[in-house]
Amino acid sequence: MTARKLPPGDRPLKTLERVLSKAGLCSRTEARSWIAAGRIAVNGRVVRNPDHWVDLERDLVQFDGKPLEREKRVYLLLHKPTGYLTTYRDPQGRPTVYDLLPSRDRYLFPVGRLDLDTSGLLVMTNDAQFAERLTNPDYHVPKTYLVKASAHLDDDQIDRLRNGVELRDGPTRPAAVNRVRESGGKSVFEITISEGRNRQVRRMVEALGAKVLKLARTAIGPLTIGDLAAGNTRQLTTEEVRALVGAELR
Ligand code: URA
């Protein structure tokens, strides 16, 4: 593999691979394979190096001979059912969230991940900056989950969830927790966290000696799942996109 050279000066340079994936045409893996296949030309010459620097203000990038156009931004809210992977393709052929999208014409990627067994609100977009804004832990964008635990959690345990639970990757940040109901010796509660660590809610509940029986994301910042049925999608409104970009909890 050739070493990636740094771009000269501070012109708006991006690698060819990033230019393609950011245009919303494909995933980064697909971009690399299209580049390797010689389908991409820069200023009329085929470039097979995915790390080739491109200056979007000066260079003409063509895909199969056609100039690359910046794609319209798309923001979809998907109500992910359980049993669907948040991944583009599964080697074992299991259903993925892409099977639920109205079309695969544009490459959309998920804003964060939900586990196979988690349902609820998932945003799909081709806007990488927007996705970064919602997932970068520095922005503290709150995510709310409805949780059914396998046992009754007493007030001390609920307080531990609120104040921070020690996990193998460090203590969790303060969380908002509200009890919803107690039924059949099981606690149902709502938790709002401002981090997005892997399997975080499940691990927090496991740290208390219980298990998560059901987990559904109901909100990201000001955006709520509302009455969108499981498996369905809808476009976000301009106001919702704006409100999400402004969402922050300290
Ligand atoms: N926390 C989890 O444990 N799983 C999810 O899917 C989301 C948050």
Side-chain angles (χ1 to χ4, degrees), residues 76-90 92 94-101 108-125 130-151 153 157-180 186-226 228-233 244 247-249:
L76 279 188
L77 190 167
L78 165 68
H79 185 157
K80 176 193 172 300
T82 57
Y84 284 78
L85 289 163
T86 312
T87 185
Y88 190 64
R89 232 177 249 117
D90 178 43
Q92 295 170 44
R94 288 172 294 178
T96 80
V97 292
Y98 289 88
D99 296 326
L100 300 167
L101 298 187
L108 303 184
F109 50 86
V111 177
R113 281 172 185 271
L114 291 178
D115 300 335
L116 180 68
D117 294 342
T118 304
S119 62
L121 194 165
L122 187 68
V123 174
M124 307 281 297
T125 186
F130 169 84
E132 161 74 7
R133 185 69 184 70
L134 293 192
T135 51
N136 185 328
D138 291 345
Y139 290 116
H140 301 239
V141 175
K143 282 124 195 156
T144 302
Y145 297 87
L146 187 63
V147 187
K148 181 174 188 181
S150 59
L153 302 182
Q157 289 172 306
I158 294 285
D159 278 344
R160 285 180 62 199
L161 292 176
R162 287 192 180 115
N163 298 331
V165 172
E166 193 60 51
L167 299 180
R168 62 177 148 70
D169 46 359
T172 57
R173 280 191 195 141
V177 183
N178 294 311
R179 286 188 189 278
V180 175
K186 299 176 174 65
S187 292
V188 177
F189 62 93
E190 204 177 60
I191 183 166
T192 301
I193 56 173
S194 57
E195 310 169 84
R197 299 195 221 165
N198 192 25
R199 299 176 65 81
Q200 180 169 339
V201 175
R202 291 176 200 276
R203 290 192 291 134
M204 288 173 80
V205 172
E206 281 160 20
L208 305 177
K211 281 206 156 63
V212 165
L213 297 182
K214 273 193 193 162
L215 184 58
R217 182 154 65 194
T218 53
I220 298 181
L223 179 68
T224 58
I225 191 94
L228 186 70
N232 284 5
T233 55
L244 277 174
E248 189 162 354
L249 178 84

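For ligands, and for the atoms within them, numbers begin at 1 and follow the listed sequence. Each residue takes its place number in the sequence, starting with 1. Remember, predicted model here, so these are calculated numbers, not experimental data.
Within the listing of ligand 1, atoms 6 (O) sit less than 4.0 angstrom from a heavy atom of Leu114. Within ligand 1, the atoms closer than 4.0 Å to a non-hydrogen atom of Leu215 are 1 (N), 2 (C), 3 (O), 4 (N), 5 (C), numbered from 1 in the order shown. Those atoms of ligand 1 that come under 4.0 Å of a heavy atom in Thr118, given as number and element, are 4 (N), 5 (C), 6 (O).
The nearest protein atom to atom 4 (N) of ligand 1, hydrogens excluded, is given as Asp115 OD2, 2.7 Å; this is a heavy-atom distance.
Close N/O approach between Tyr145 and ligand 1 is not found [any backbone or side-chain N/O within under 3.5 Å]. Considering backbone and side-chain N/O of Val201, one or more are found under 3.5 Å from N/O of ligand 1.
The side-chain hydrogen bond (donor to acceptor under 3.5 Å, both in side chains) with Thr118 is formed by just one residue from the set Lys214, Arg202, Arg217; it is Arg202.
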For this session: Give the intermediate values and the outcome of side-chain contact (heavy atoms from CB on, under 4.5 Å) for residues Gln200 and Thr172.
Result: CA-CA 9 Å; Gln200 180 169 339; Thr172 57; 3.8 Å; yes
Exercise. When you look at Arg113 and Leu122, which way does the side-chain contact (heavy atoms from CB on, under 4.5 Å) test go after all the steps?
Worked result: CA-CA 8 Å; Arg113 281 172 185 271; Leu122 187 68; over 6 Å; no
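The option from Met204, Arg113, Arg199 that lies nearest to atom 3 (O) of ligand 1, judged by heavy atoms, is Arg199.
Cation-pi contact between Arg89 and Tyr98: absent, since separation from the ring centre below 6.0 Å together with deviation from the ring axis within 45° is not met.
In this structure, Asn136 contributes its side chain and Asp138 its backbone to a donor-acceptor pair below 3.5 Å. Checking side-chain atoms of Ser187 against main-chain N and O of Ala149 turns up no donor-acceptor pair under 3.5 Å.
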